[in-house]
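These numbers come from the heavy atoms of this one structure, side chains and all, not from hydrogens, waters or symmetry mates. FYI, the numbering just counts along the sequence from 1.
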Amino acid sequence: MKLVIIIGPQAVGKMTVGQELAKITGLKLFHNHMTIDLVGSFFDYGSTEGKRLVKLFRHELFDAISKSDLDGLIFTFVWAFDMKEDWDYIESISTMFSSRGGSVFYVELAAGVQERLNRNKSENRLNHKPSKRDIDWSETDLLDSMTTYRLNSIEGELSGDNYIRIDNSALSAAETAEIIKHRFDL
């Protein structure tokens, strides 16, 4: 069992890279908006009940997958590095898989703000993430989050054989996925 966690700020390309990685590895993709947009049909994601349900659905899915005979999972997540609860969350997911004999890999994507603003309007993103279709709101959220949270790690904060950071500003999603596949022998 392999768990590939793709992290990075909004519109950096996590889902799109995950889609390409799923194609070339056979791993299943679980992008974070699969639960956010599901719950968002009933409760605002920022609400207590919305957050509780997203966390519950994700936990149950991770638990079932980590016990299954699937080859693995790709999960995308916006990690606020300055929030202990996000560190704890990633640790809990990682432990769930590693305690059952799985390998966990961390892929951090980084790209400049203008590239991310351009990607924020991409057809693929808007097709798969209904909550991002309000472009004005989505752009404001992207820009505001940069001043509220630290969404990329600092040098040396994450390291090891199971971690890679890729500036994918000038790379296609397919090129980025190939780098990940070869780096971790997926």
Original post:
Is there a donor-acceptor contact under 3.5 Å from the side chain of S68 to the main chain of I65?
Top reply: yes
Original post:
Hey, are the side chains of R100 and M1 touching, using non-hydrogen atoms and a 4.5 Å cut-off?
Top reply: no
Original post:
Is a side-chain donor or acceptor of T16 paired with a backbone partner of G13 at a separation under 3.5 angstrom?
Top reply: no
Original post:
Are F30 and F75 an aromatic pair by the rule of ring centers under 6.0 Å?
Top reply: yes
Original post:
Heavy-atom count around D161 CG within 6.0 Å, excluding the residue itself: above 12?
Top reply: no
**OP:** Classify the angle between the aromatic ring planes of F105 and F184 as parallel (below 30°), tilted (30 to 60°) or perpendicular (above 60°).
**Re:** tilted
Subject >> Pair E178-R183, salt bridge (charged side-chain N to carboxylate O under 4.0 Å, His left out): steps then yes or no >> reply: CA-CA 8 Å; E178 284 291 341; R183 170 68 165 80; over 6 Å; no
**OP:** Dump the intermediate steps for ring-ring contact (aromatic ring centres under 6.0 Å, His included) on Y89 and F77, then the final yes or no.
**Re:** CA-CA 10 Å; Y89 183 67; F77 185 69; 5.3 Å; yes
Subject >> side-chain contact (heavy atoms from CB on, under 4.5 Å) evaluation trace for V107 with I7 >> reply: CA-CA 6 Å; V107 176; I7 58 174; over 6 Å; no
Original post:
How about D88 and E91: do any of their side-chain heavy atoms sit closer than 4.5 Å?
Top reply: no
Subject >> side chain to side chain donor-acceptor pair (under 3.5 Å) between E108 and N152, worked out >> reply: CA-CA 8 Å; E108 181 176 3; N152 278 114; 2.9 Å; yes
Original post:
Is there a donor-acceptor pair closer than 3.5 Å between any side-chain N or O of D86 and the backbone N or O of F81?
Top reply: no
**OP:** Answer with yes or no whether the side chains of T176 and N168 bring together a donor and an acceptor at under 3.5 Å.
**Re:** no
Subject >> Trace of the salt bridge (charged side-chain N to carboxylate O under 4.0 Å, His left out) decision for K23 with E20 >> reply: CA-CA 5 Å; K23 285 180 194 174; E20 293 298 322; 3.1 Å; yes
**OP:** With the side chain counted from C-beta on, respond yes when H59 and M96 share a heavy-atom pair under 4.5 Å apart, and no when they do not.
**Re:** yes
